[in-house]
Number of protein chains: 2
Amino acid sequence: MSEKVFVSAQEVADRAGVSRSAVSRTFTPGASVSPETRRRVLEAAETLGYHVNALARGLMRNESGIVCLIVSDVATPNRSALLRELTMLLQNAGKVAMLINTDRSDGSVDQALRQAIRYRADASIILSGMPDKSIAQLCLRSGQRLVLINRDDEQPGPLRINLDDREAAGQVVTAFVRAGCRKLAFANSEAGTPSLMARERGFVAAANALGMAVSVERHGWTGYDAGKVLAQRMLTRPQRPDAVFCATDLLACGFMDAARHQFSISVPDQLCIAGFDNIEQASWSSYDLTTFAQPVSAMASKAIDWLSHSQPDNDGAVHEQSIRLHAELVWRGSIRGG
Amino acid sequence: MSEKVFVSAQEVADRAGVSRSAVSRTFTPGASVSPETRRRVLEAAETLGYHVNALARGLMRNESGIVCLIVSDVATPNRSALLRELTMLLQNAGKVAMLINTDRSDGSVDQALRQAIRYRADASIILSGMPDKSIAQLCLRSGQRLVLINRDDEQPGPLRINLDDREAAGQVVTAFVRAGCRKLAFANSEAGTPSLMARERGFVAAANALGMAVSVERHGWTGYDAGKVLAQRMLTRPQRPDAVFCATDLLACGFMDAARHQFSISVPDQLCIAGFDNIEQASWSSYDLTTFAQPVSAMASKAIDWLSHSQPDNDGAVHEQSIRLHAELVWRGSIRGG
DNA sequence: TTGTACGCGTTATCAC
DNA sequence: GTGATAACGCGTACAA
């Protein structure tokens, strides 16, 4: 029975012949310990295999060092890329990421947040689909910082990071028109996310401003398969579009594949396609998709910076802030001209 | 100054007119509380906004409920799919996932594990590239359960989950031969992961057993770009292969794209290709890749089950175990015949 | 069933 | 610079 697994600061202190406080100070950045004491403590800690108990530390400091990442569609190219950046930067900032997956049920965001609160997470970053109105309130009440990415909610308090979706959509109209396209279409999913809807509205508005109509179709979940279905619907119409803006690269890949392999339509000769996200697959030769790059690392660093530096004012609330980042157009071969 | 953010069990007890232990028992599954007390506690907790402090609970129980996911290449299709399954199952099991990204430096796995220990994680699941010999020891010493996925290390103690890579590779040789291919090739990265090397060795061995030589090439990181480069090298040789097994679907996609678009080689007519992983993109019409499915959800559930049910014996060590799962061949259009 | 008292491992405060 | 002591919020043995 080797029950005793973890070494405590007291044991290290005993072995080093110092007090428990000395041990604590040794492992607290910015505390003052004499070099000699420090050396002895570190030596004892090393031989005993001591590791600071972050649970106890968090309990004392009222600061766990945990940041909660609440995310749906984890396996999606865009999400996983964002996840990678966030975890990297969090680690560099000395924080640790707690990942909560909200894929299954839909009240699960609420459940997730509750979990985060139980672990006294210092902050939560939400890159999940559906909004819950009560979220911000729940977070604020728990003194938790909150970052909302790509959700243009009208929530007070947290930091909101969004892209210029509408402007981007406008650019696509211009590009399509330059390419000589006249029958514009927009392919969307039924997710109804703020950013997806912003792209749709921006595209339609810009086209209308030029006196052009847009046929809009929505279907299913925002993925490759939905893109195929959308193509099957939109390309069998009498008035077949000659240019389609897909709300997402995944939709665009599915759309393009269906157009080429099921309808033998040549892209971009007979049909121009644009996407959004600039996922890795968009650059693969089979797609060579013109799209907009989500500034993933900028988004992540804005979020982390805010978490690290923003100070709650004397009301205990943090200054609310909204950041809009630019999605840069990446020109590839799925639109004529360029 | 609304400094007091978190509600403690004591405050709930005061409001409900009971003792603090009654509150504790109410939130401890399997404790005995009278229905009336329970009701009053829950009501007080609700109105006050009480949430159990998991940090303090973990401190007491010597069981944090945290499971550490140590992973590299988070944004890779296969990894993110595994990540999705693991987080889902962990949450269902009442645990919470702590995500540690080991992409950057290389001693970072060690660093990550240390972080896990500081938070007193109950277990770590490693799906990261490079092995560190000292890992298992460090974990065991901390009484931490350890699961190694797709790393055929000779480490004692932990649970090891692997696939039948060699056998799968053998199947590919058979399929290639049936398709009439005679000049076999294997495309690999330089990662040198146990599973990648197992596929390579298995393929070469099976081919040799049939009296056929295999040209093997390795290059760069296990991704799409490396696949392209490999194609450029292998398809410009005088003895151009008529069948190539790529160690990974990403490599296969890159290889196929280069073959088609740069060399105008028709797949599968002039060149048969097989991959491994069955990432989502393998099923996309542009690739339609014959490959092996990683039984992602089976792998995840084996891991989680073991974490939940395996009991440390009276030495404090858990029974070590090695699980081999079957990678099922998914027939698609990149190999002739079928 | 309920309440009291103690301990978990740490840090902050305060004398020295 | 150092050491004693009091918290932090919770689980639980024990007595009632």
Side-chain angles (χ1 to χ4, degrees), chain A residues 3-42 44-45 48-66 94 117-122 142-143, chain B residues 3-42 44-45 48-66 115 117-122 142-143:
Chain A
E3 250 315 311
K4 196 79 184 71
V5 244
F6 288 109
V7 182
S8 75
Q10 182 63 63
E11 302 175 54
V12 177
D14 292 346
R15 192 176 215 288
V18 298
S19 77
R20 209 177 34 216
S21 327
V23 179
S24 176
R25 278 192 279 264
T26 303
F27 290 100
T28 302
S32 62
V33 204
S34 79
E36 171 58 13
T37 308
R38 181 183 188 76
R39 195 191 56 74
R40 293 173 59 184
V41 169
L42 285 179
L48 259 48
Y50 170 74
H51 300 268
V52 176
N53 189 330
L55 269 45
R57 169 180 280 180
L59 193 55
M60 263 304 299
R61 290 197 180 155
N62 246 340
E63 190 180 314
S64 60
I66 296 174
I117 292 177
R118 294 198 352 227
Y119 279 91
R120 299 299 189 261
D122 300 333
S142 315
Chain B
E3 249 314 312
K4 197 79 183 70
V5 244
F6 287 109
V7 182
S8 75
Q10 181 64 62
E11 301 175 54
V12 177
D14 292 346
R15 193 175 214 289
V18 297
S19 78
R20 204 179 48 71
S21 351
V23 178
S24 177
R25 279 191 276 263
T26 303
F27 289 100
T28 302
S32 64
V33 203
S34 79
E36 171 58 13
T37 308
R38 182 184 187 74
R39 194 190 58 73
R40 292 173 59 184
V41 169
L42 286 178
L48 259 48
Y50 170 74
H51 300 268
V52 177
N53 189 330
L55 268 46
R57 169 178 280 179
L59 193 55
M60 263 303 301
R61 290 199 183 151
N62 247 342
E63 188 180 313
S64 60
I66 296 174
Q115 187 79 300
I117 293 176
R118 298 213 330 244
Y119 279 91
R120 299 299 189 260
D122 299 333
S142 315

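Naming: A, B, ... by sequence-line order, numbering from 1 per chain.
- The shortest distance between side-chain heavy atoms of B:M60 and B:L55 does not fall below 4.5 Å.
- Between A:N53 and B:V18, the residue anchored nearer the 5' end of DNA chain C, judged by the nucleotide with its closest heavy atom, is B:V18.
- Side-chain N/O atoms of A:S19 include none lying less than 4.0 angstrom from OP1 or OP2 on D:dA4.
- No donor-acceptor pair under 3.5 Å is formed between the side chain of B:S64 and the backbone N or O of B:G58.
- Applying the 4.0 Å criterion to OP1 and OP2 of D:dT12, one finds that B:T28 has every side-chain N and O outside that range.
- Applying the 4.0 Å criterion to OP1 and OP2 of D:dT2, one finds that A:S34 has a side-chain N or O inside that range.
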Working for side chain to side chain contact (heavy atoms under 4.5 Å, CB included), residues B:R38 and B:R25 | CA-CA 9 Å; B:R38 182 184 187 74; B:R25 279 191 276 263; over 6 Å; no

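- Proximity note for A:A9 (side chain, C-beta onward) versus C:dT13, C:dT10, D:dG9: the nearest is C:dT10.
- Listed nucleotides D:dC10, C:dT2, D:dT2 differ in distance to B:T37; the shortest reach to its side chain belongs to C:dT2.
- Comparing D:dC10, C:dG9, D:dG11 against the side chain of A:L59 picks out C:dG9 as the nearest.
- Side-chain nitrogen and oxygen atoms of A:R57 include at least one within less than 4.0 Å of the OP1 or OP2 phosphate oxygen of C:dT11.
- In this structure, of D:dT2, C:dT2, D:dG9, it is C:dT2 that holds the atom nearest to the side chain of B:V33.
- A 4.5 Å side-chain heavy-atom check between B:L48 and B:R15 finds at least one atom pair inside the cut-off.
- Between A:Y50 and C:dT10 there is a side-chain N or O to OP1 or OP2 distance below 4.0 Å.
- Atom CZ in A:R118 sits about 14 Å away from atom C1' in D:dG9, given to the nearest Å.
- Inter-residue side-chain proximity for B:R57 and B:F27 is flagged as met; some heavy-atom pair is nearer than 4.5 Å.
- The CD-P distance, from A:Q10 to C:dT11, rounds to 13 Å in whole Å.
- Remark: P of C:dT2 and CZ of B:R39 are 13 Å apart, rounded to the nearest angstrom.
- Atom CG of A:N62 is separated from atom C1' of D:dC8 by 8 Å (rounded to the nearest Å).
- Relative to the side chain of B:S24, the nucleotides C:dG3, C:dT10, D:dT12 differ in distance, and D:dT12 lies closest.
- The side chain of B:S21 has D:dT12 as its nearest neighbour among C:dT10, D:dT12, C:dT2.
- Looking only at distances, no side-chain donor or acceptor of A:D122 sits under 3.5 Å from a matching main-chain atom of A:E63.
- A donor-acceptor contact under 3.5 Å is formed by the side chain of A:R25 with the base of D:dG3.
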Using Watson-Crick and G-U wobble pairs whose two distances are both under 3.5 Å, how do you write the pairing of DNA chain C as dot-bracket, with | for links to another strand?
-> ||||||||||||||||

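- Spacing between atom CZ of B:R20 and atom P of D:dG9 amounts to 10 Å, rounded to whole angstrom units.
- Between the C1' atom of D:dC10 and the NE2 atom of B:H51 lies a distance of 16 Å, rounded to the nearest Å.
- What separates CD of B:E63 from C1' of D:dC10 is a distance of 15 Å, to the nearest Å.
- Looking at heavy atoms from C-beta onward, A:N53 lies out of side-chain contact with B:R118 at the 4.5 angstrom threshold.
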Which side-chain N or O atoms in residues 16-24 of chain B pair as donor and acceptor under 3.5 Å with protein atoms at least two apart or in another chain?
| unit_1 | atom_1 | unit_2 | atom_2 | d |
| --- | --- | --- | --- | --- |
| B:S19 | OG | B:S21 | N | 3.4 |
| B:S19 | OG | B:S21 | OG | 3.3 |
| B:S19 | OG | B:A22 | N | 3.4 |

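- Look at CE on B:M60: it is 17 Å from P on D:dC8, rounded to the nearest Å.
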